[in-house]
Asker: 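The structure is given below, and queries will be raised subsequently.
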Amino acid sequence: MSGDTDMETIHLTIDGKVIEAKKGMTVLEAALNAGIYIPHLCYHADLSPSGACRLCIIEIEKGRGFPTSCTTPAMDEMVVHTDSPEIHEIRRFAIQLMIADHKDDCLTCNSNMGCELQALAAYLGITDLPFPKTTERKELDLRNPLFTRDPNKCIICGRCIRACQELRGVGAISFINRGKEVVVGTAFDRPLADADCRFCLACVEVCPTGALTDRDMAWRTREEREAALIPCTHACPAGIDIPRYVWLIGEGRFSEAAAVIKEKVPFPQVLGRICPHPCEDECRREKLNEPIAIRMLKRFATENDDGLWKKNNIKKPPTGKRVAIIGSGPAGLTAAYYLTKQGHSVTVYEESSRLGGMMAACIPEYRLPSDVLSAEIEEILQIGFEVKTDTRIESLAPLFEQGYDSIFVAVGAQQCYSLRVDGEDSPGVMNELSFLKEVKLGNKVELGSKVAVIGGGNCAMDVARTAIRLDVKEVAVLYRRTREEMPADSEEVDEALREGVKFIFLANPTKITSENGKIKLECIRMELGELDSSGRRRPTPIEGSEFVMEFDTVIPAIGQMPEIPDAFEINVERRGTVQVDPNTLETSRKGVFAGGDAVSGAATVIEAIASGRKAASSIDQYLGGTGVIDEELIPQEECDLFLGRCEGFSDSLREMPNHIPMEERLSTFKEVELSYLEEVAIREAQRCLRCDLRLEISPAILPPLKIYGE
Amino acid sequence: MNFEDIQKQAKAEWGHLQQSSNPRILIGCATCGRAAGAQEVLDAFKAELTKRGVEATLIEVGCIGLCYTEPLVTIYKPNRPGVCYGDVTPKVVSTLIEDYLINDDPRPDLALGTVGDEAIEGIPRLFDLPVLKPQVRLVLRNCGWIDPENINHYIANGGYAGLARALKMPQEKIIEEIKNSGLRGRGGAGFPTGRKWEFCYRTASEEKYLICNADEGDPGAFMNRSLLEGDPHSVLEGIVIGAYAIGARQGYVYCRAEYPLALKRIETAIGQMEKFGLLGDNILGSGFDFHLKIKEGAGAFVCGEETALMASIEGRRGMPRPRPPFPATSGLWGKPTNINNVETCANVSQIMRNGWKWFTQYGMEGCTGTKTFSLVGKVKRPGLIEAPFGITLREIIFGIGGGIEGDKEFKAVQTGGPSGGCLPSKFLDMPVNYETLTAAESIMGSGGCIVMDEDTCVVDIAHYFLRFTKQESCGKCVLCREGTKQMVDILERIAKGGGTSEDIDLLQRLGKVVKAGSLCGLGQTAPNPVLTTLKYFRDEYDAHIYEKRCPAKVCKDMISYAILPEKCVGCGLCLRSCPADAIRGEAKKVHIIDQSKCIKCGICYDICPPKIAAVTKLSGAEVETPDEPIPVGTGGEEHVGGY
Ligand SMILES: Cc1cc2nc3c(=O)[nH]c(=O)nc-3n(C[C@H](O)[C@H](O)[C@H](O)COP(=O)(O)O)c2cc1C
Ligand code: SF4
């Protein structure tokens, strides 16, 4: 271990080479530092030395025996030999003894080509074993969901134990038994969860062999590995550094947490309420019990933000370039925000009178209160760009004529899909977007007493839950598959059910007729067949199973598509979406970029934001900038690897947010979900497994590559 | 109370005991004595004395080391030397009370020897017995002669004078004194104690520790136990002196939990020391504070290794760690720590009382003083002995030990416990010290001495010892953990007849590697029994490997039993006792062993009356036996002699 007080420089000779080292280093550290490789296995740069593997032995002139270089302090004028026939013999036997006791299924081992034992065997030229191999097999330990322990591959180097104790301060595992019977395990062989394991997987990270391996994971590149190990950040379209902000909340540093979120998205308040949180679906804690409530934590952090991020929020000097943005939804405003920060002069055109696109017009008030959105947009506007509301753009040419250097088309997906059944235009059949818009505007909408909503996505849920808050008796959602296949957030479905929405699954409308102000909805029963391209089972109608139901209003909500004016003169795809280069978001027309729902079809706010960021970066580059819009709103700090012991850690359940009383929910449009209390937020944040800490652990130092034939 | 007053009081009590008109009866009640029946003897004395109305003082004392003749009783009558009796039973007790206490007949026929200046006709002097004469008892001088639970007995016999002297000396002077004495650690490695103290003394630290290592994990060793049971204060005095010399204010005695009596004696002694101001704050008014705690070890052999021992005291798993750092610079809880063996500590008390010059008269150049050994195995007089360094193995085994049991042939002696080497007869005249034993590829260890006779198979014995170290390996380092396992497997293979010529080479290479490359002393010595037997008894390995023959006729897979037709008298004893129904025969007919059924338990061999000795054990040889039981005396004149 390096002494930090005494940094005196010393000189020692290793294998005839004089090297420089700092006082306090061990001989092994000094050698590795100077590029001299000494074989080692139980040594790990981040852990205290142990001296167990005996591979790093050396000879010291005027010294006795074969001390381990990992534990021998480097001294001035020391003369060290890292190899000799005796040392070689000891090393070879040590490795052969390990191999004799090591299950070898190398070619199918999860650690193949990453195994340090394998690398050392090759380095030391082991081609045979003087001993028979152990044949008796210990049982695989699959008792925890995140990693597999194969005791047959354990070489008792003790790195996992040291990592758990020294890096994490947890101490869940230790050596058990003596002699040949030694294994690594928990006291009394309890499951790890009961030994207060934090499932940080530091043990897996430092394991030199395939004894501890991540379950169901494979990667080829560093990027793939990081994506697999920190899946939340990877799942976030905008790439928010989730572990970092969750940790900051757990530390009670809410403004800093908010700044971390703000580094990637200008709409944290909105996302904290309505993001469908793909991150939570990937959260590794889900395998243990329940995922971290990442969205709720985001909401909590931004609600408790004192604006610290503003200190580091910078706007570059003007570039003199102008950008027109069509549409003020999340994609448009995000792009406007970042382009403005890059120094460009931006104008946002919005056809309606309100900024925010779908967020302002359609997302129901009980999920996203208007004042929250307005405040957030207000803050975005402060960066300083122009907005022109009530201005519909029909053609792009005039904009170029006005001197805009580039145009970003972010008009969203405003056209509802049709059901394509007879009688779709009957009175009493309503367009979902107009319905939501009318209600959001506070206009009275007559629905009658029985309402059918057709579809299984988030939009259908919004419609159904909005309808049930109006003066109706019954709201039924018809969906052609089952609950399991519903694309809507399961929280949304739960809340709809709780509010009294009925669900009719495996039913598909075939015909609509209107009589005396009532609607007869003819449906057919469906059954689920083979998997389709979305990975869900394909619904097929059951012949002769038609049935009829009566409603006052039917609202299809099966999705929307963009409607791009022809005069834009940009290519569109079959489903009306804008054709773009996926890397740059540039359209077929030079200088014109497109993003958000206009490109993806109806999707989520977070995807639109991500798309807005991407567009901003591309447009910046197009305009001669660097394209770098990433920012550091709070400085990165050195990670504390220490976790400490926490009783019952793995059992702690997800904190559920409180809701307003049901009567209020059903009779008003008040926001349903209440924010976390401080202690609840901290508790929830502290449930995080801190998967990110693994990447802070130093990589193992492998022997130099063996060159065949040399 | 100052020390002179303490001494005066103790001497008065001791003198009173000596001068008492009542007889004194000392009964050896250490663990070994108890195992031999000392408790029953004690009870018998109590009952019998009361019954007969004889007044006498009974004192439970430690062991004088004559294990072969325990229980031991020494009776002092006024104006008479003490008379020591061996093999005392409750029956002998009444005889002694009747004959000696009441009728004043010391019963020379039952007596072992006399103790004291005067003599008794017909009884030799105890210390002139061949078992004791070559011995020099410094460390064990009080064992068996004082009441270990009475601090005054210790003080009256010179105890704590060394401490009193030390406390008046500067620390450097004490260290100098110990250095001059040449005292070396008795825990195994023989490192000079004074130098070790000096390292620790020189390391600047507010906190330092002194640990007394009473783990004694080698099977068959009981020197430390005996000393702690028989004279605990001699050890504790040395501990306090050491603590003062290095500047430690806290100490630990690390003693295995399997030593309940020793633990009790230490605890009692510590209580007495505290009462007398010999432990605690301001010891004997010197201003020096020292506190001592007992730490019970769970009995793993490796916990005797100093770094493992410290880990164990700290509440961690008892696993050794590489040195440096040495305990003297970073030991218990990272503080400078000195660890000494029980016997080392007891020697310190002696040296400080008598001065270093006195000490150097014993032993030899470079290796002064005495060493205790536990002499066990196939000797006539096993026991706990103490002899000066330089004594030869012959003097130990044939002098003190009285030679080989049953007057069989001496084969080897293993010194130093389970990981010592097995030395053949050519080393019998070698003077024993740390260096000579190491040169012979064995070790001093803690002083184990296991004697083996001609009936011992070296492959079997190497396997036996190695299996022990394999089990006791802490499992930390690969060479010891896996290497001992592989060596045990190879030895098993050889013993079972599956050995090959490569096995010898492999054993040798592996043994050397494990010795040179292991982390701690356990692994570094574990191969000794294998390497020495390979070196000194190679022919026996060869016999196993090439001839599939066990010359000592021990390895089950290589022996067979047969009934010699010319000797069998057809008594049927063997037939009736064979647990495997492998013997056929009828009255007056020669019995036959069915080899396919025989499980080689050897019961027939043991049960056949020695006069007849018709059952023979064979290895690598055969005898002609009839196919069917034939009348005795009708066959088998050509005995194709076995090995
Ligand atoms: C495996 C092993 C077991 C040991 N057991 C003991 C023991 O039981 N008692 C002891 O005093 N020393 C034992 N030692 C030696 C100690 O490590 C240490 O050297 C000794 O206590 C130092 O005391 P000394 O200098 O007074 O000899 C053992 C060493 C090893 C390697
Ligand atoms: S030599 Fe044996 S006992 Fe010593 S540390 Fe290594 S494994 Fe443990």
Side-chain angles (χ1 to χ4, degrees), chain A residues 26 41-42 48-57 59 63-73 75 84 86-102 117 129-134 155-158 161 165 171 174-184 187, chain B residues 298-303 307-308 311 316-325 329-330 466-490 493 498 500 502-503 505-507 509-520 522-524 526:
Chain A
T26 63
L41 250 181
C42 67
S48 71
S50 130
C53 75
R54 315 312 292 163
L55 293 175
C56 73
I57 52 166
E59 276 176 85
R64 275 195 305 144
F66 304 97
T68 40
S69 58
C70 67
T71 56
T72 306
M75 301 284 195
S84 72
E86 289 90 348
I87 290 178
H88 193 64
E89 170 100 341
I90 294 173
R91 281 191 190 137
R92 280 181 61 94
F93 263 118
I95 283 279
Q96 285 171 327
L97 286 166
M98 286 184 221
I99 298 174
D101 192 47
H102 185 88
L117 179 64
L129 280 187
F131 329 105
K133 289 214 57 139
T134 306
I155 54 168
I156 321 287
C157 68
I161 296 172
Q165 181 68 55
S174 58
F175 288 120
I176 314 280
N177 303 335
R178 295 209 161 261
K180 192 65 194 66
E181 307 301 317
V182 159
V183 286
V184 174
Chain B
F301 177 45
V302 76
C303 281
T307 57
R316 292 182 289 124
R317 182 180 157 90
M319 266 193 173
R321 60 156 176 81
R323 297 164 301 185
T329 51
S330 174
L466 202 64
R467 220 182 42 179
F468 172 80
T469 38
K470 172 192 134 176
Q471 272 161 5
E472 291 297 325
S473 157
C474 81
K476 177 173 180 170
C477 69
V478 59
L479 294 174
C480 169
R481 180 185 71 241
E482 306 290 342
T484 52
K485 186 245 176 201
Q486 294 293 350
M487 285 198 280
V488 165
D489 287 356
I490 297 169
R493 200 153 70 220
T500 64
E502 288 92 65
D503 282 341
D505 178 54
L506 187 56
L507 265 183
R509 283 175 57 204
L510 193 52
K512 277 189 195 144
V513 159
V514 171
K515 223 175 135 148
S518 286
L519 192 160
C520 86
L522 191 148
Q524 286 161 7

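Chain naming here is simple, since letters A, B, ... match the order of the sequence lines and numbering starts at 1 in each.
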Asker: Kindly say whether A/Ser50 contributes a backbone atom to a donor-acceptor pair with the side chain of B/Lys476 at under 3.5 angstrom?
Answerer: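 Yes; judged by distance alone, with no hydrogens or angles, the pair exists.
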
Asker: Using heavy-atom distances under 4.5 Å, tell me whether A/Pro132 contacts chain B through its side chain, its backbone, both, or neither.
Answerer: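 A/Pro132 touches chain B through backbone and side-chain heavy atoms alike.
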
Asker: Is there a side-chain contact between A/Phe131 and B/Asp489, using heavy atoms and a 4.5 Å cut-off?
Answerer: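 SC-SC contact between A/Phe131 and B/Asp489 ruled out.
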
Asker: Taking every non-hydrogen pair under 4.5 Å, which of A/Glu181, A/Arg91, A/Glu89, A/Met98 racks up the most with chain B?
Answerer: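 The answer is A/Glu89.
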
Asker: Non-hydrogen atoms of chain A under 4.5 Å away: do they reach the side chain of B/Arg321, the backbone, both or neither?
Answerer: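 When you check distances to chain A, no heavy atom of B/Arg321 falls under 4.5 Å.
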
Asker: Between A/Pro73 and B/Pro324, is any pair of side-chain heavy atoms under 4.5 Å apart?
Answerer: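 Yes. Closest side-chain heavy atoms under 4.5 Å.
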
Asker: What residue, out of B/Thr484, B/Leu506, B/Val302, B/Val514, has the most heavy-atom pairs lying under 4.5 Å from chain A?
Answerer: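 Of the candidates given, the most pairs with chain A belong to B/Leu506.
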
Asker: Please state whether the side chain, the backbone, both or neither of B/Gln486 comes within less than 4.5 Å of a heavy atom of chain A.
Answerer: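 For B/Gln486, side-chain heavy atoms alone lie under 4.5 Å from chain A.
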
Asker: Among A/Val182, A/Thr134, A/Leu97, who wins on heavy-atom pairs under 4.5 Å with chain B?
Answerer: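 Highest number of pairs under 4.5 Å: A/Leu97.
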
Asker: Below 4.5 Å from any heavy atom of chain B, which atoms of A/Ile176 appear? Answer side chain, backbone, both or neither.
Answerer: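 Backbone only.
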
Asker: Please tell me if the side chains of A/Ile155 and B/Val478 come closer than 4.5 Å, counting only heavy atoms from C-beta onward.
Answerer: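 Contact flag for A/Ile155/B/Val478 side chains = no.
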
Asker: Which residues pass the ring-ring contact (aromatic ring centres under 6.0 Å, His included) test with B/Phe468, not counting sequence neighbours?
Answerer: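 With sequence neighbours excluded, B/Phe468 shows a ring-ring contact (aromatic ring centres under 6.0 Å, His included) to B/Phe301, given in chain and number order.
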
Asker: For B/Cys477 versus A/Gly51, what's the shortest heavy-atom pair and its separation?
Answerer: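 Answer, listing the atom of B/Cys477 first, then A/Gly51: CB-O, 4.3 Å.
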
Asker: What part of B/Ser518 gets within 4.5 angstrom of chain A, counting heavy atoms only: side chain, backbone, both, or neither?
Answerer: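 For B/Ser518, the backbone is the part near chain A, not the side chain.
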
Asker: B/Arg509 versus chain A, heavy atoms under 4.5 Å apart: side chain, backbone, both or neither?
Answerer: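 Its backbone and side chain both get close to chain A.
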
Asker: Taking all heavy atoms of A/Arg178 and all of B/Gln471, pick out the closest pair and write down the distance.
Answerer: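 Looking at all heavy atoms of both residues, the closest pair is CB-O, 3.9 Å.
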
Asker: Measure the CZ-NZ distance between B/Arg481 and A/Lys180 for me, rounded to the nearest 0.5 Å.
Answerer: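 It comes to 7.0 Å.
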
